[in-house]
Each structure stands twice: as C-alpha cells, then as structure tokens.
Amino acid sequence: MPVRPYHHGDLRQALLASAERTLLEKGVAALSLRELARDVGVSHAAPGRHFKDKQALVDALALTGFERMAKELTAADSPELPLEARLTELARTYVHFAVTNAELLEVMYSRKHDPDISEQLRAAVDGTTTQFVQIVIDAQERGEMIPGPPWTIALVLGAALHGTASFAAQGTLTPEAAVSDIPTLIHHLLNGLTPRES
C-alpha cells in the first residue's frame, strides 16, 4: 500500500479503529504506532500528531471503550421499570458489551485504577459506574432495596457482572450462557440465597 502524506479525513479515528482491530486479532502486545500508520496508509510519523506513544494510544482506546459502554448502558436504562427488570436489562447490556469486546475490556480495566490516567479517562470510568449507583439510589428511595452506601451496594452488583463477563472471556461460560443467565443472577442478587419461611 503506498504511503500517503499526512492529509487524512480523520486520522485519529482511523488509527483507533485500526488499533481496535489489531487488539481483537492479535492482542495489546501487537499494538504499534508504526504498524497502525502502515495500516491506514500514512507516514510513520503521522500518528505522533495524535498519540505521543503507545501508552497514549492505549489510553485513547480505553477512553473510547468506556464512552461506548456508558452510551450503551444509558440507552438500556429504563427508570420506569420495576427494579429487577431495570437491573436485568442494564446487567444484560453490560455483560453483552463485555463478552463481545473482551480484549478492549481488558485494556479498559488495566487502565481504570492507574493514578496517572487523565481526568477525561477518569470521568469516563465514573460514567459507567454512576448508572448502577443511580439504580441503587432510586431503589432505596422507593423502598425496593435495603439502606446503605449506594456505591458499596453498586460495587457488589458490578463485581458479580464483571465476574460473569470474566468467566465468559476465560471460557468457563459461553458468551451466550453469560448473557442468558443474567436474569437468574440478578434475581439471586436481589433476593439472596437464604431459604425463606413460607
């Protein structure tokens, strides 16, 4: 493929799209600004205008992933639904995103807790957790959930969902089973596993 000069309609987006394909096919270790430049047909120096190094590219991928996840979660959330139905839809969306973007999710979560991430990336991470926290707050206000720190309760939900997604990524569960088992998972989370007196 002939190398074109820098002029490119949206080089940043083209590089990110190519990086995500590489991530899916070969993993994060295969990411290289020089290879991405070759893939999109620009000079090897051109990506430097957008990403100073590979870590900047990885951070941009993580940011894109968190923004996409937040958008999908927002679209799936229906505050008017009863708690179990609302949470099931949101959980199904999260796990579906996770199992269909396993490599991207790994990059996202590898950067999530780094103290050196940008404010933009930190805000994007927070954007994916606030929806679950809001569900807890809404449910507590309606008397559908026990009192307690909403973030801590949301963390329990998030851990169960991320664990399910991780099982699918490792092959313990099939992606289909991970998604289809969500209603049962949410039911157990909300109702507990202790037998009740009839």
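Throughout, residue positions are numbered sequentially from 1 according to the sequence presented. All values below were derived from every heavy atom in this structure, side-chain atoms included, with hydrogens, water molecules and symmetry-related copies excluded. Remember, it's a predicted structure, so these values are computed and weren't measured experimentally.
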- Find out whether Lys71 and Thr74 are in side-chain contact, i.e. whether some heavy atom of one side chain is under 4.5 Å from a heavy atom of the other. no
- Message: Could you measure the distance from the CG atom of Leu31 to the CG atom of Leu23? Nearest 0.5 Å is fine.
- Response: 5.5 Å
- CD of Glu176 to NE2 of His96, rounded to nearest 0.5 Å, is 9.5 Å
- Taking all non-hydrogen atoms of both residues, which atom of Ala14 and which atom of Val40 are closest, and how far apart? O-CG1, 3.6 Å
- Message: If I take atom CZ from residue Arg49 and atom CG from residue Leu15, how far apart are they, to the nearest 0.5 angstrom?
- Response: 12.0 Å
- Item | Pro183 and Glu84, any side-chain heavy atoms less than 4.5 Å apart | no
- Task: Compare every heavy atom of Ala98 with every heavy atom of Ala165, then report the nearest pair and how far apart it is.
- Result: CB-CB, 3.3 Å
- Query: Within a strict 4.5 Å, meaning less than it, do heavy atoms of the Glu35 and Thr22 side chains meet?
  - Reply: no
- Message: Could you go through Val179 and Thr164, starting from their C-alpha distance and side-chain angles, then the distance that decides it, and tell me whether this counts as side-chain contact (heavy atoms from CB on, under 4.5 Å)?
- Response: CA-CA 9 Å; Val179 174; Thr164 299; over 6 Å; no
- If we only count heavy atoms from C-beta on, is the Leu90 to Gln131 side-chain gap below 4.5 Å? yes
- Are Arg68 and Glu20 close enough for a salt bridge, meaning some N to O gap below 4.0 Å? yes
- Item | Close side-chain approach of Pro150 and Gln140, heavy atoms under 4.5 Å | yes
- Task: Would you sort out whether His50 and Leu11 count as a side-chain contact (heavy atoms from CB on, under 4.5 Å), showing the intermediate values?
- Result: CA-CA 8 Å; His50 298 283; Leu11 179 60; 3.9 Å; yes
- Message: Go through it in stages, so that I can follow the logic: the residues are Asn101 and Met69, the test is side-chain contact (heavy atoms from CB on, under 4.5 Å), and I'd like the CA-CA distance, side-chain angles, deciding distance and then a yes or no.
- Response: CA-CA 10 Å; Asn101 296 279; Met69 182 194 287; over 6 Å; no
- Intermediate values then yes/no, side-chain contact (heavy atoms from CB on, under 4.5 Å), Ile182 and Leu185: CA-CA 5 Å; Ile182 287 298; Leu185 173 69; 4.1 Å; yes
- Query: Would you call Asp39 and Arg21 a salt bridge, taking side-chain N to carboxylate O under 4.0 Å as the test?
  - Reply: no
- Indicate yes or no: at least one non-hydrogen side-chain atom of Arg86 is less than 4.5 angstrom from one of Asp77. yes
- Message: In terms of relative ring orientation, are Tyr109 and His162 parallel, tilted or perpendicular, with 30° and 60° separating the classes?
- Response: tilted
- Note on the structure: Smallest heavy-atom separation, Lys54 atom then Ala29 atom, equals NZ-O, 3.5 Å
- Query: Does Glu144 CD have over 12 foreign heavy atoms under 6.0 Å away?
  - Reply: yes
- Message: Could you measure the distance from the CD1 atom of Ile153 to the CG atom of Leu189? Nearest 0.5 Å is fine.
- Response: 12.0 Å
- Message: On a heavy-atom basis, which atom in Leu83 and which in Met145 lie closest, and how many Å separate them?
- Response: CD2-CE, 3.7 Å
- Query: Looking only at heavy atoms, what is the nearest atom pair of Ala19 and Leu57, with distance?
  - Reply: CB-CD1, 4.1 Å
- In the single-linkage hydrophobic clustering (I, L, V, M, F, W, Y; side-chain heavy atoms under 4.5 Å), do Leu104 and Phe167 co-cluster? no
- Query: Taking all non-hydrogen atoms of both residues, which atom of Phe51 and which atom of Ala60 are closest, and how far apart?
  - Reply: CE2-CB, 3.5 Å
- Query: Among the clusters formed by ILVMFWY side chains lying less than 4.5 Å apart, do Val28 and Leu63 turn up in the same one?
  - Reply: yes
- Here the gap from Thr64 atom OG1 to Arg12 atom CZ, rounded to the nearest 0.5 Å, amounts to 6.0 Å
- Query: Just how far is it from atom CD1 of Ile186 to atom CD of Glu89, taken to the nearest 0.5 Å?
  - Reply: 10.5 Å
- Task: Could you tell me whether the side chain of Leu105 reaches within less than 4.5 Å of the side chain of Phe97, counting heavy atoms only?
- Result: yes
- Item | Single-linkage hydrophobic cluster Leu190~Val156, side-chain heavy atoms < 4.5 angstrom | yes
- Query: Do Val133 and Val125 belong together in a cluster built from hydrophobic side chains that touch within less than 4.5 Å?
  - Reply: no
- Message: For residues Ile146 and Leu157: do they belong to one hydrophobic cluster (side chain heavy atoms under 4.5 Å, members Ile, Leu, Val, Met, Phe, Trp, Tyr)?
- Response: yes
- Message: Are the side chains of Phe132 and Leu161 in contact, using a 4.5 Å heavy-atom criterion?
- Response: yes
- Evaluate whether atom CD of Gln120 has more than 12 neighbouring non-hydrogen atoms of other residues, nucleotides or ligands under 6.0 angstrom away. no
